[in-house]
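Okay, structure first, notes after.
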Amino acid sequence: MRISVAIDGPAAAGKSTIAKRIASDLGYVYIDTGAMYRCFTWYCLEKGLNCEDEKACSAVIPEVSIDLKPDGTVLCNGTDVTRAIREPRINANVSYIATYKDIRLAMVDLQRKLAANSSVIMDGRDIGTYVLPKAEVKIYQVASVEVRAMRRYKENMEKGIACTYEDIVEDVKKRDRIDSGRAFAPLKPAEDSIEVDTSDMTIEEVVAKITGIINNKIKELSK
Ligand code: DC
């Protein structure tokens, strides 16, 4: 049975870690939609554009080609940007890019194409509400700001990305504000989503919980 799983939630809630694990366990295609907005932001910064300038950034849509490889590699016009798109300068600008309607429409078009032919698990902000409104399973994954910031801080330390915990708390709060407050396809739970608060859960526990929700849905649909 071909199914789509949407995992939405605020920045650094651990969505991609969980989605990658479940995709690999169940043999689904994992689609990291945040990586697409990050890629677009990287391109704008490379061109020297001001990411707060909607018109200038939207004008380069035809120049940007994004490719997500099954091994997690992200290519922007053929350049490997997998690591570059996780840098603080991208975090600081990506929420602006993600508010621009024309850029969102281009990304959503690509996301829907990628989801058309296989079972997918897609993570983002608007997957259950806008990109895949008919997804069979919709999860809204949350965690407190402090827990999210600490997880991202540790991740950055492991990857050798310089930052302070305090800066990350501010960045997470700022992105929550912009992602939830934008006019077009803002971050919010879909009405038919199931909330999973991971603040006090381990990765294993979250994977088990969401896998259980997916398996129950598959059983229900096979009846
Ligand atoms: O999940 P992430 O941190 O990689 O996402 C980066 C930014 O992209 C985030 O601030 C909000 C935006 N985004 C979005 O608006 N819609 C999505 N479907 C995915 C990400």
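Start at 1 and go down the list; that is how both ligands and their atoms are numbered.
Ranking protein heavy atoms by distance to atom 12 (C) of ligand 1, first place goes to A98 CB, 3.6 Å. When only non-hydrogen protein atoms are considered, atom 9 (C) of ligand 1 lies nearest to R125 NH2, 3.2 Å. Remark: minimum distance from atom 19 (C) of ligand 1 to any protein heavy atom is reached at T33 OG1, 3.2 Å.
Ligand 1 has an N or O atom lying under 3.5 Å from an N or O atom of R182, backbone or side chain. Polar contact with ligand 1: absent for Y37 (N/O pair, distance under 3.5 Å). Note: no N/O pair closer than 3.5 Å links D123 and ligand 1 by distance alone.
Judged by distance alone, the side chain of T33 and the main-chain N or O of D123 form a donor-acceptor pair under 3.5 Å. Checking side-chain atoms of T41 against main-chain N and O of Y37 turns up a donor-acceptor pair under 3.5 Å. Listed for the K138 side chain is a donor-acceptor partner under 3.5 Å among the backbone atoms of G128.
Atom numbering of ligand 1 starts at 1 in the shown order; those under 4.0 Å from a heavy atom of R38 are 2 (P), 3 (O), 4 (O), 6 (C). Within ligand 1, counting atoms from 1 as listed, the ones closer than 4.0 Å to a heavy atom of G124 are 17 (C), 18 (N), 19 (C). For ligand 1, the atoms lying closer than 4.0 Å to a non-hydrogen atom of S95 are 10 (O).
Between D200 and E205 the shortest heavy-atom distance is O-OE1, 4.0 Å.
Taking NZ of K154 as the reference point, atom OH of Y165 lies at 10.0 Å (rounded to 0.5 Å).
Looking at R148, R151, K15 one by one, the single match for side chain to side chain donor-acceptor pair (under 3.5 Å) with T198 turns out to be R151.
Look at A11 and you'll find every heavy atom at least 4.0 Å from all atoms of ligand 1. Distances shorter than 4.0 angstrom occur between a heavy atom of R104 and an atom of ligand 1.
You'll find the side chain of I97 reaches within 4.5 Å of the side chain of C44, heavy atoms only.
Atom 3 (O) of ligand 1 has its nearest heavy-atom neighbour, among M107, R175, R152, R86, in R175.
Both the sub-6.0 Å distance and the 45° axial angle are satisfied by R112 relative to the ring of Y130.
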